[in-house]
Amino acid sequence: MSKFKQLFGDKKPIISMVHLLPMPGSPLYDADAGIDGIVAAARKDLTALQEADVDAVMFGNENDRPYELKVDIASTAAMAYVIGQLRNEIKKPFGVNVLWDPMSTVALATATGASFVREIFTGTYASDMGPWTPNAGEALRYRNRLGRDDLVMLYNVSAEFADSMDKRPLADRARSAVFSSIPDAVLVSGAITGEAAEMTDLKSVKEKVTDTPVLANTGVRHNTVADILEIADGCIVGSSLKVDGNTWNPVDPERAKEFMQIVKAARGG
């Protein structure tokens, strides 16, 4: 049985984002609210998502703009502190994503006991952050050196805020990444956070990648999730569950509950 199936079972999981407030050292950090303010906001979002009965949660530093390809140690350490403060309140499987740094993401997962990670692990991109050349071999070897060969690895194969310099069709790049770099699941994204992946991209990747789960990674909304789950093996959702559907707002408990009601109907209960 695959590690993905061991973690999520047969259902098509909904992984919901806890977007942490800006970390210390990032330009948007609120020094007056401090680290306690980050913990308090994360706690509210976590509570709302778990009460909506999402299948899993993922903690990410979406607010640490401008993004970095090698993240400040302070950001990773602060994220570990925040998750540690909430650890006893987390009732669902949880994952982490330190944008856009695979090594920091794996380190954070090890420190916090996360079950899964999401990152850009493969490919070559021209991006807002400059040339982007992640190294899956390095990241997976680091994972195993840290004793976390159980960690479920979610590979985003269509990087946001970037254009692939590899001009093979996305489905071919995804199939190649599965062969060469052994992801536990493949993610298909839109151009930026909160923007939906093209359904044609999702379909083409799913048709080529038959033995590895394929998830929609961005822009999944109340009026599209049922159609997406007809194709994809699950999805990651953030912005759609926020107040007014705005990425930077807190989670809206009612929107989250309504979303999961739609999902459960689409999954047959």
Side-chain angles (χ1 to χ4, degrees), residues 15-50 54 56-87 89-90 94-109 111-112 114 116-120 127-130 132 154 156 159-162 187 189-196 217-221 236-253 255-256:
I15 302 170
S16 301
M17 294 302 305
V18 177
H19 289 144
L20 301 176
L21 295 179
M23 296 293 110
S26 68
L28 299 178
Y29 174 61
D30 184 349
D32 292 332
I35 196 77
D36 289 341
I38 300 173
V39 173
R43 176 174 283 115
K44 286 185 66 175
D45 282 359
L46 174 65
T47 299
L49 292 172
Q50 291 188 146
V54 301
V57 296
M58 180 158 55
F59 297 90
N61 61 329
E62 199 76 39
N63 283 286
D64 277 355
R65 297 169 287 155
Y67 299 125
E68 299 177 295
L69 298 179
K70 290 189 180 298
V71 170
D72 188 331
I73 294 171
S75 293
T76 310
M79 291 178 74
Y81 174 83
V82 171
I83 296 169
Q85 290 295 300
L86 302 174
R87 189 66 179 85
E89 302 168 43
I90 302 173
F94 78 94
V96 297
N97 183 196
V98 186
L99 300 171
W100 295 94
D101 189 333
M103 302 297 275
S104 291
T105 297
V106 170
L108 180 62
T112 59
F116 61 94
V117 297
R118 172 185 70 175
E119 247 310 328
I120 304 294
S127 80
D128 294 349
M129 294 75 69
W132 194 350
L154 311 182
N156 185 356
E160 300 137 76
F161 312 102
L187 311 179
S189 304
I192 62 173
T193 298
E195 186 171 303
N217 188 50
T218 59
V220 180
R221 303 197 178 279
I236 298 173
V237 59
S239 302
S240 186
L241 308 189
K242 303 297 191 72
V243 173
D244 297 328
N246 186 321
T247 302
W248 313 119
N249 286 341
V251 170
D252 181 331
R255 286 179 70 99

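For this chain, numbers begin at 1 and follow the sequence in order.
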Q: Determine yes or no for a side-chain-to-main-chain donor-acceptor pair under 3.5 angstrom, with Arg221 supplying the side chain and Gly194 the backbone.
A: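 Side chain of Arg221 to backbone of Gly194, a donor-acceptor pair under 3.5 Å: yes, one is there.
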Q: Determine whether Val98 and Phe59 make a side-chain contact, defined as any pair of heavy atoms from C-beta on separated by less than 4.5 Å.
A: no
Q: With sequence neighbours left out, what residues match Ser239 under side-chain contact (heavy atoms from CB on, under 4.5 Å)?
A: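 Expected list: Thr193, Thr247.
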Q: Quick one: does Asn97's side chain have a donor or acceptor within less than 3.5 Å of a partner on Gly60's backbone?
A: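 Checked: no pair found.
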Q: Could you grab the distance from atom CG of Asp64 to atom OG of Ser75, nearest 0.5 Å is fine?
A: 4.5 Å
Q: I need the Arg65 CZ to Leu99 CG distance, nearest 0.5 Å.
A: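 CG of Leu99 is found 11.0 Å from CZ of Arg65.
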Q: Work out which heavy atom in Thr112 is nearest to a heavy atom in Phe94; give both atom names and the distance.
A: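 Closest heavy-atom pair between Thr112 and Phe94: O-CZ, 3.4 Å.
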Q: If you look at every heavy atom in Ala256 and Leu49, which pair is closest and at what distance?
A: CB-CD2, 4.5 Å
Q: Hey, what do you get for CG (Leu187) to CD (Glu119), rounding to the nearest 0.5 Å?
A: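 Answer rounded to 0.5 Å: 10.5 Å.
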Q: Enter the distance from Thr76:OG1 to Met103:CE here, rounded to the nearest 0.5 Å.
A: 11.5 Å
Q: What donor-acceptor contacts under 3.5 angstrom involve side-chain atoms of residues 36-44, with partners at least two apart or in another chain?
A:
{"residue": "Arg43", "atom": "NE", "partner": "Glu89", "partner atom": "OE1", "Å": "3.0"}
{"residue": "Arg43", "atom": "NE", "partner": "Glu89", "partner atom": "OE2", "Å": "3.1"}
{"residue": "Arg43", "atom": "NH2", "partner": "Glu89", "partner atom": "OE2", "Å": "2.9"}

Q: Could you please spell out the steps behind the side-chain contact (heavy atoms from CB on, under 4.5 Å) verdict for Leu20 and Asn63?
A: CA-CA 7 Å; Leu20 301 176; Asn63 283 286; 5.9 Å; no
Q: Mind running side-chain contact (heavy atoms from CB on, under 4.5 Å) on Met17 and Arg118 for me, showing each step along the way?
A: CA-CA 11 Å; Met17 294 302 305; Arg118 172 185 70 175; 3.7 Å; yes
Q: Side chains of Glu160 and Tyr67: donor-acceptor distance under 3.5 Å anywhere?
A: no
Q: Using a 4.5 Å cut-off on heavy atoms from C-beta on, say whether the side chain of Asp101 contacts that of Leu69.
A: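 Heavy-atom side-chain distance check fails, nothing below 4.5 Å.
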Q: Is Pro102 close to Ile120 at the side-chain level, that is, under 4.5 Å between some pair of heavy atoms?
A: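 Not touching, per the 4.5 Å side-chain cut-off.
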Q: Which atoms form the tightest heavy-atom contact between Tyr29 and Met23, and what is the distance?
A: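 Between these two residues, the closest heavy atoms are CB-O, 3.3 Å.
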Q: Is the backbone of Ala33 close enough, under 3.5 Å, to the side chain of Asp30 for a donor and an acceptor to pair up by distance?
A: yes
Q: Between the main-chain N or O of Val251 and the side-chain N or O of Asp45, is there a donor-acceptor pair closer than 3.5 Å?
A: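 Pair found, side chain donor or acceptor close to backbone of Val251.
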Q: Within this structure, what is the CG-CG distance for the pair Leu86 and Leu46, rounded to the nearest 0.5 Å?
A: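 With rounding to 0.5 Å, CG (Leu86) is 6.0 Å from CG (Leu46).
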Q: If you compare all heavy atoms of Met58 against all heavy atoms of Ile15, which two are closest, and at what distance to 0.1 Å?
A: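 The answer is CB-CG2, 4.0 Å.
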Q: For Leu28, does the CG atom have more than 12 heavy-atom neighbours from other residues, nucleotides or ligands under 6.0 Å away?
A: yes
Q: What's the shortest heavy-atom distance between Val237 and Val220, and which atoms?
A: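 Here Val237 and Val220 meet closest at CG2-O, 3.6 Å.
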Q: Is there a donor-acceptor contact under 3.5 Å from the side chain of Lys242 to the main chain of Asn249?
A: yes
Q: Are the side chain of Arg255 and the backbone of Val243 linked by a donor-acceptor contact shorter than 3.5 Å?
A: no
Q: Applying side chain to side chain donor-acceptor pair (under 3.5 Å), name anything that partners Glu68, two or more places apart in sequence or on another chain.
A: none
Q: I need the minimum non-hydrogen distance between Ala191 and Glu195, along with the two atoms involved.
A: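 Looks like CB-OE2, 3.4 Å.
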Q: Could you check if a side-chain atom of Val96 sits within less than 4.5 angstrom of a side-chain atom of Ile83, using non-hydrogen atoms only?
A: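 Val96 reaches Ile83 side chain to side chain.
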Q: Does a donor on one side chain and an acceptor on the other come within less than 3.5 Å for Ser189 and Asn156?
A: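 Ser189 vs Asn156: donor-acceptor pair found between side chains.
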Q: Hey, what do you get for CH2 (Trp248) to CG (Leu21), rounding to the nearest 0.5 Å?
A: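 Output value for this atom pair is 11.0 Å.
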